[in-house]
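So the structure is just underneath, and the comments pick up after that.
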Number of protein chains: 2
Amino acid sequence: MTNIRDVAKIAGYSVSTVSRVINQQNYVSTATRAAIQKVVDELDYAPNDVARDLSRGKTFNVGVVLPHEDHPYFTQLIHGITTAAFAAKYHVVLLSSRYDADLELQYLEGLRRKAYDALIFTSHGLPLSQLAHYRQYGSIVICEHPRDSGIPAAYAHRRTTYRDALIYLKTHGYQRIGLLMSRPIAVSATSQATADAYQMVFGQRPAPEICVTDVITLADGERAAKTYLKRGQHFDAILANSDDIAIGVSRGYQAAGEAVPFLIGQEHQLSGELVHLPTIDHYFKTVGERALQLAISGEKKTIAINSRLITEQ
Amino acid sequence: MTNIRDVAKIAGYSVSTVSRVINQQNYVSTATRAAIQKVVDELDYAPNDVARDLSRGKTFNVGVVLPHEDHPYFTQLIHGITTAAFAAKYHVVLLSSRYDADLELQYLEGLRRKAYDALIFTSHGLPLSQLAHYRQYGSIVICEHPRDSGIPAAYAHRRTTYRDALIYLKTHGYQRIGLLMSRPIAVSATSQATADAYQMVFGQRPAPEICVTDVITLADGERAAKTYLKRGQHFDAILANSDDIAIGVSRGYQAAGEAVPFLIGQEHQLSGELVHLPTIDHYFKTVGERALQLAISGEKKTIAINSRLITEQ
DNA sequence: TCTTGACCTCGAACGCGTTCGAGACCGTAA
DNA sequence: TTACGGTCTCGAACGCGTTCGAGGTCAAGA
């Protein structure tokens, strides 16, 4: 493999002059530039990006930690992140975590080892304090409310919209509400926002038995419906954590020959549109764009993107 | 930032011995290992991944070129790729292309400049011959039939299943078939497979007027239906290029108050399942896994994954 | 005429981990 | 006792581009 020293030697100039030619910098005479360019072309020389990254001390890589690849939240977020990364000439490195603490730690170590300039956690299993500890090694951005961690964040401002949704249900006469969540309230900011909104509207924390957690897919929605039925619980309405999941819930009730509660979905997915399901759009693409911008600028900001309740579609 | 030389100096050992300790290699006495480890811990030293990549001449990065992030084909493929990459301890770098030739060239140059060990093209705008030219700089894998390019490939074997689908239509009495495609037959292997299957079943190439191209989203499907209606063309059945798109077609006809032709979708999406749409599953996750394995092993193979026609769901 | 300041080019140090060849030491088999 | 082989450690070269300080040239302004 030919390197910059080969080019310099053959062209009869110093390495630094060659470097200035390939980086299109000033202070190279036209003749010299042409002579060096000729050798570069003849030798089919291209600078080594890894060496360049090493000497510049920067990789232009942003690691994106995501628990699943096939969930709409992450898909939309990734779309926003890659769009913004592309515009800023950064590279997006996908890091699967499955909420595994060891893996997340490995990725944080990657930041320490300079594999990435910045890390975006679309979600996380480790405590925020541990993420915060790694900020000394590089920029870290999370996609949820940072609490008291001080970590820069871009996230969907869910609570207000969840409140809107629950108020909507209440004013339409739905009193007994079931809540579906991807993760337990104790560990998930999203689930907390749901619980907080519930408290605002109904004056108390949601009882544990009205919440079903670990609901991710349509099949989980179906399972949740069966769980409710098996327990003999009755609900007027259910706030599902995605449109697909709401569809699953609907199927679960139908399969059991029971009346389907009123449903509200989330994510504004095609499936919900098909059955005219009320939903909440969190604008995750925008969240992703903002997260990436924070990550590369190093700004210590918190950006909340407003969600929207969509009751007619 | 502390480096391996600092550790060596403070520990009183040579750099190579320290290297052997942090890489858990043999030929270090227990006492030495402990002494060095102590200094490593005290200094909070972590090796620099970029320097390591440079000296090893390998990055463990695989670039994945994809035209869109929000299309099910790519989402499923990415899922397979990240799954396999994770298992092999490789990193997936997402490269948006929008079929832009300049961008694709930039990514190929990235291979030449050692930014990636390998490149997977989930789709491409550049001619295969140009991709083939860059194989001298690193492993390249495509996700379609490689024709005579010799490029290693993992792809969905579509033609046979398209034939099955068209035979299914023919035997059920549907004679006049419309074909929806994401890209023109001239540039897309997928569209070619559709046309080839059509010829096998109906004995002739599909007439240009029965094909609508640039159909990517549900809205495009709706538009395609309107195009057909505007032209006064009648079809007994339409082979759409995704379930979502088929739904769009259905809407287009319904909005115009016209009878909806029999529809077959693709990708086995949730939307199709909801309306019991016949579909074709291409197993793109598997394709992605195989593509990544080819990319990192450097094997010069072509792997075709069989698709499946699903007529009852 | 002297100074100042672009302009051009060079050499060497720097960023940092890996690896190979060599040397020293010790135990065991011949 | 000589040899061979394994263990342990070191120094230096290597992978490769960037950048800073220095030095030389030349023209314009004082």
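Letters A, B, ... are given to chains in the order of the sequence lines, protein chains preceding strands, and every chain is numbered from 1. Owing to the predicted nature of the structure, the values given are computational and were not obtained by experimental measurement.
Within 4.0 Å of Ser16(B), counting heavy atoms only, lies at least one base atom of the nucleic acid. Ser19(B) comes within 4.0 angstrom of a nucleotide base, judged by non-hydrogen atoms across all strands. Here Asn23(B) lies in heavy-atom contact (under 4.0 Å) with sugar-phosphate atoms only. Residue Val15(A) is in base contact, counting any heavy-atom pair closer than 4.0 Å across all strands shown.
Between Lys301(B) and Pro152(B) the shortest side-chain heavy-atom distance does not fall below 4.5 Å.
For the helix from dT1(C)-dA30(D) to dA30(C)-dT1(D), the rotation axes defined at the first and last 5 base pairs enclose an angle of 40°, given to the nearest 10°.
Contact between Asn48(A) and Lys114(B) at its shortest, heavy atoms only, is ND2-CG, 3.7 Å.
Both tests do not hold together for Lys285(B) against Tyr283(B): distance to the six-membered ring centre under 6.0 Å, angle to the ring axis within 45°.
A heavy atom lying under 4.0 Å from DNA chain C marks the following residues of residues 31-44 of chain A, by number: Thr32(A). If you check residues 54-61 of chain A against DNA chain C, the residues with a heavy atom closer than 4.0 Å are Leu54(A), Ser55(A), listed by number.
Residue pairs meeting the salt bridge (charged side-chain N to carboxylate O under 4.0 Å, His left out) criterion with at least one member in residues 29-39 of chain B, sequence neighbours excluded, are Lys38(B)-Glu42(B).
One finds the CG atom of Asp117(A) at 3.5 Å from the OG1 atom of Thr59(A) (value rounded to the nearest 0.5 Å).
For dT9(D), neither phosphate oxygen OP1 nor OP2 lies less than 4.0 angstrom from any side-chain nitrogen or oxygen of Thr17(B).
Enclosure of atom CD in Gln25(B) by more than 12 non-hydrogen atoms of other residues, nucleotides or ligands within 6.0 angstrom is indicated. For Gln24(A), the CD atom counts as loosely surrounded, since its 6.0 Å shell holds 12 or fewer non-hydrogen atoms of other residues, nucleotides or ligands.
Annotation: of the two residues near DNA chain C, Asn48(B) and Arg20(A), the 5′-most nearest-nucleotide partner is Arg20(A).
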Pair up each side-chain donor or acceptor in residues 49-56 of chain A with any protein partner under 3.5 Å, not counting sequence neighbours, and list the distances.
{"unit_1": "Asp49(A)", "atom_1": "OD1", "unit_2": "Arg113(B)", "atom_2": "NE", "d": "3.2"}
{"unit_1": "Arg52(A)", "atom_1": "NH2", "unit_2": "Asn23(A)", "atom_2": "OD1", "d": "3.1"}
{"unit_1": "Ser55(A)", "atom_1": "OG", "unit_2": "Arg52(A)", "atom_2": "O", "d": "3.4"}

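Running 5' to 3' along DNA chain C, contacts with non-hydrogen atoms of chain A at under 4.0 Å begin and end at dC7(C) to dC16(C).
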